[in-house]
Amino acid sequence: MVVRAVRGMKDILPDEAARWQRLEHTFRSIVERAGYGEVRTPHLESTELFVREIGADTDVVAKEMYSFSRHDDELTVRPEGTAGAARAYVQNNLAQLEPVTRWYYLGPMFRAERPAKGRFRQFHQAGCEIYGDAGPACDAELIAMCTELVMALGVRDFVVHVNSIGSAGTRARYRDALRDYFSPLAGSLSDDSQRRLVTNPLRILDSKDPRDQEASRGAPSVSALLDEDDAAHLAKLRGYLEDLGVPYVFDPRLVRGLDYYTRTLFELKITSGELGAQDALLGGGRYDEMIQHLGNKKPVPAIGFAMGLERILAVTPLGAPRAGPDCFFAPLVESAVGRSLVLAKSLREHGVSCELDGRGQSVKAMLRRANAMKARLVAIVGQEELERGEVTVKDLDRHEQVRVPFADLFDAVRARLAVPRSSSELSRDELRVPASVP
RNA sequence: GUGGUUGUAGCUCAGUGGUAGAGCACUGGAUUGUGGCUCCAGUGGUCGCGGGUUCAAUUCCCGUCAGCCACCCCA
C-alpha cells in the first residue's frame, strides 16, 4: 500500500454509510419539523473569519486549523460550522429579509488534533442556528430539541449541562475575579493551569487535574457576577426547561473553548463511558455579539449548537446494515443474460430493486450470493426457461418457487413481496431501532 | 503538541534467531440447474516501512509511519 488515507481521516464504506444516512435522515426530519432550513456554506473560508470570531487565543485557532496560502489568499478548511453560517447570514442580508432565521447544516469539519477515541481530524457535525431572537424561550426550545434528537437516536445515558457566562462585560469581570482568586493559589495549581491563569482562567474550572479541582472548590461563581438582565435571562431559561420537563444540571463550571459565546452555554454529555474522555456529544450556546462583529449594520442575537456525528454513531444502537435487493437475477447461460437485463430493467422501472450477476457462475454460487446479500427473491433464467419464455421466481425466505411467463414476472414478484418476511429473518439491529426513528 | 501501547492472511489473533499457522470470510466440490446447516479442498502473507546486529531477523536493537488510549482541548 503506497498511498493511505491521511491520519485521522477515514473512509465510510456502504454498510457504515447506511447508518450515517439513517442518522442524517432523523436529524433532518426533527429539525425541519421545528422550522429550520438547510444552509450549505463553503468548506473553505478566509482564515481571518475564524481568527476573529473563534478567537486567536483559542486552541482551535492557535494550533488546530488546516490553513494555507494560495496566491494572495489566506484560507482555512472550516474547523466548525457556526462562523461560516454567521458569515453567510451577514453577507446575504438575512436580517433585512426576515426577523428570525432558523438554519441547520450538516457536514465535515477539520481540526489537526491528535486522534483519540471519538476524535478525528476530519469529523462531521450537524448543527442548528437561530438568528434574531434574544429571548430565553428559544434557548429552552433549542436545548429541548437537542434532547429530543439524541433520544430519537436511541441514546439514553446522557446529562444536559447548562450554564450562563453572561455578556462580554460580565465575562471580563468574571475573568478578573478568577485571577484574583487563583493567583494566591498558583503554587498548588497544575502547570497547565498556571499557564491558563494568564491566558484563560475560566478553563481552570474545567480541569481534570485533582490539584486544580481542589483549588477550584472555593472559586467564585459566575452567577454572582451576572448583571440583572443576564440573571433574568438565565432564570427564565431554567423556568422554561422545567416547564418542558427537560432534565438538566446547572453547571457553573461549564466552560467552552470558543471565545464567541455569551450568556447561555450548554453541553450534552454521555455518561456511559463509551466515549472515553471525549464525553461531549453535542455542545452549543448563545453568541449575541458575533453578527454585529462580522459587520452587520445592526446587532442580531443568535444561538446554536453542533452535534458530533461520529460520537453519536459510537453510542447509538442505530444498526441497520444496507438492505438487500428485492430480486436477484441469475442468468444460468450466456444467452439468458440479455433477457435478464431487460427483465431487471423493467422491474426497476416499477420500483423493484434488482441486482444481476452476469458472471456465468453456477446456480449454487449465485444462490449463495443472493442469500448472503439478503435478497428476497431470485429470478432464474436458464436454458429451459429461455426456450419456454419463462422465468423461475424463487422466494428465499419461504423456500418456494414458481415459474411464470416473462410478461407475468412483475405481478409474480409484486405478489411475493407483498407477503412479509418470516419474523425470524428480521435482523436484531432492525428490532433495536427505536420507534421514533423513521 | 506530550506520554503510553500495538502493528503477522480481508477480519480476529497464535507463533518461532533457521524465510509462517488457526478460526471466521472468500472460491470450488460433496448435490447433471437450487441458498442458509454439515463435511472436504483451495486461493490468499515482501510477518507496517527503513536501517542496524548476526552466518541467518517476522523474531533482537534503533528510527519512522500508522492504529488505539490518555493529557491538552473539543463534537
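Keep in mind that this is a model prediction, so the values were computed, not measured. Every chain is numbered from 1 and lettered A, B, ... according to where its sequence line falls, protein lines coming before strand lines.
Taking only side-chain atoms of Arg114(A), from C-beta outward, the nucleotide of rU2(B), rC68(B), rA75(B) with the closest atom is rU2(B). Closest to the side chain of Asn371(A), from the set rC73(B), rU2(B), rG35(B), is rG35(B). Closest approach to the Arg203(A) side chain among rA75(B), rU34(B), rC73(B) is made by rC73(B) (side chain taken as heavy atoms from C-beta onward). Between rC73(B), rU34(B), rA75(B), one nucleotide has an atom nearer to the side chain of Asp59(A) than all others, and that is rC73(B).
Looking at Glu355(A) and Arg369(A), a side-chain N of the basic residue comes within less than 4.0 Å of a carboxylate O on the acidic one, giving a salt bridge. No salt bridge links Asp176(A) with Arg173(A); every basic N to acidic carboxylate O contact stays at or beyond 4.0 Å. Between Glu148(A) and Arg33(A) there is a salt bridge, with a side-chain nitrogen of the basic residue lying less than 4.0 Å from a carboxylate oxygen of the acidic one. In summary, Glu214(A) and Arg211(A) do not engage in a salt bridge, as defined by a charged side-chain N under 4.0 Å from a carboxylate O. By the 4.0 Å N-to-carboxylate-O rule, Arg339(A) lies too far from Glu385(A) to be salt-bridged with it.
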Between the protein and nucleotides 27-31 of chain B, which nitrogen or oxygen pairs come in under 3.5 angstrom?
from	atom 1	to	atom 2	distance (Å)
rG28(B)	OP1	Gln361(A)	NE2	3.1

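Note: CG (Asp357(A)) to C1' (rU34(B)) measures 15 Å, nearest angstrom. Between Arg211(A) atom CZ and rC72(B) atom C1' the separation is 14 Å, expressed in whole Å. Per the geometry, CE belonging to Met9(A) stands 13 Å off P belonging to rC68(B), to the nearest Å. The interatomic distance linking Gln278(A) (CD) with rA75(B) (P) rounds to 11 Å, in whole Å. At whole-Å resolution of the value, NZ in Lys63(A) and P in rC73(B) are 8 Å apart. Glu387(A) places its CD atom 14 Å from the P atom of rG33(B), with the value rounded to the nearest Å. In this structure, Ile204(A) places its CD1 atom 17 Å from C1' of rC71(B), rounding to the nearest Å. Straight-line distance from the CZ atom of Arg196(A) to the P atom of rC72(B): 6 Å, rounded to whole Å.
Atom name P, nucleotides rU31(B) and rC69(B): the rounded distance is 50 Å, in whole Å. Between rG44(B) and rG18(B), the two P atoms lie 25 Å apart (nearest whole Å). Look at the C1' atom in both rU53(B) and rA14(B): the space between them is 27 Å, to the nearest Å. Nucleotides rU59(B) and rU32(B), compared at atom P, are 49 Å apart to the nearest Å. Separation of the C1' atoms belonging to rA22(B) and rA9(B) is 11 Å when rounded to the nearest angstrom. Nucleotides rC55(B) and rC39(B) place their C1' atoms 47 Å apart, quoted to the nearest Å. Taking atom P in both rC47(B) and rG10(B), one finds a spacing of 12 Å when rounded to whole Å. For the P atoms, the distance from rU6(B) to rU16(B) is 16 Å, rounded to whole Å.
Side-chain contact check for Leu234(A) versus Phe250(A): some heavy-atom pair is nearer than 4.5 Å. In this structure, the side chains of Leu367(A) and Leu396(A) come closer than 4.5 Å at one or more pairs of heavy atoms. Contact annotation: the side chain of Tyr89(A) never approaches that of Met290(A) to less than 4.5 Å [non-hydrogen atoms, C-beta and beyond]. Contact of the Tyr248(A) side chain with the Ile143(A) side chain is not registered, since no non-hydrogen atoms from C-beta on lie closer than 4.5 Å. Side-chain contact between Val160(A) and Pro247(A) is absent, with no heavy-atom pair separated by less than 4.5 Å. Within the 4.5 Å cutoff, side-chain heavy atoms of Arg28(A) are placed close to those of Glu38(A).
Mapped onto RNA chain B by nearest heavy atom, Leu258(A) and Lys394(A) fall at different nucleotides, with Lys394(A) at the one closer to the 5' end. Checking Ala5(A) against Ala277(A), the closest nucleotide of RNA chain B that is more toward the 5' end is the one next to Ala5(A).
Across all strands, Leu309(A) comes closer than 4.0 Å to no nucleic acid atom at all (heavy-atom distances). No engagement by Glu310(A) is indicated, since no non-hydrogen atom pair under 4.0 Å with the nucleic acid exists. Using a 4.0 Å heavy-atom criterion, one finds that Ala370(A) contacts no nucleic acid atom at all. Across all strands, Leu332(A) comes closer than 4.0 Å to base atoms (heavy-atom distances). At a threshold of 4.0 angstrom between heavy atoms, the contacts of Glu80(A) with the nucleic acid are absent. Across all strands shown, Gly8(A) has heavy atoms under 4.0 Å from sugar-phosphate atoms exclusively, and none from any base.
OP1 and OP2 of rC65(B) both lie 4.0 Å or more from every side-chain N or O belonging to Arg7(A).
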Wobble G-U and Watson-Crick pairs count when both distances are under 3.5 Å; given that, what is the 5' to 3' dot-bracket string of RNA chain B, with | for pairing to other strands?
(((((((..((((....[..)))).(((((.......))))).....(((((..]....))))))))))))....
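For Glu267(A) against rA75(B), no side-chain N or O and base N or O form a donor-acceptor pair under 3.5 Å. Looking at Arg4(A), its side chain has no donor and acceptor atom pair within 3.5 Å of the base of rG48(B).
The ring of Phe27(A) has its center closer than 6.0 angstrom to the ring center of Tyr104(A).
Counting non-hydrogen atoms of other residues, nucleotides and ligands closer than 6.0 Å to CD of Glu334(A) gives a total of 12 or fewer.
With Tyr261(A) as the fixed residue, the side chain to side chain donor-acceptor pair (under 3.5 Å) test singles out one of Glu289(A), Arg286(A), Arg256(A): Arg256(A).
Within a heavy-atom distance below 4.0 Å of RNA chain B, the residues of residues 117-131 of chain A found are Lys117(A), Gly118(A), Arg119(A), Phe120(A), Phe123(A), Gln125(A).
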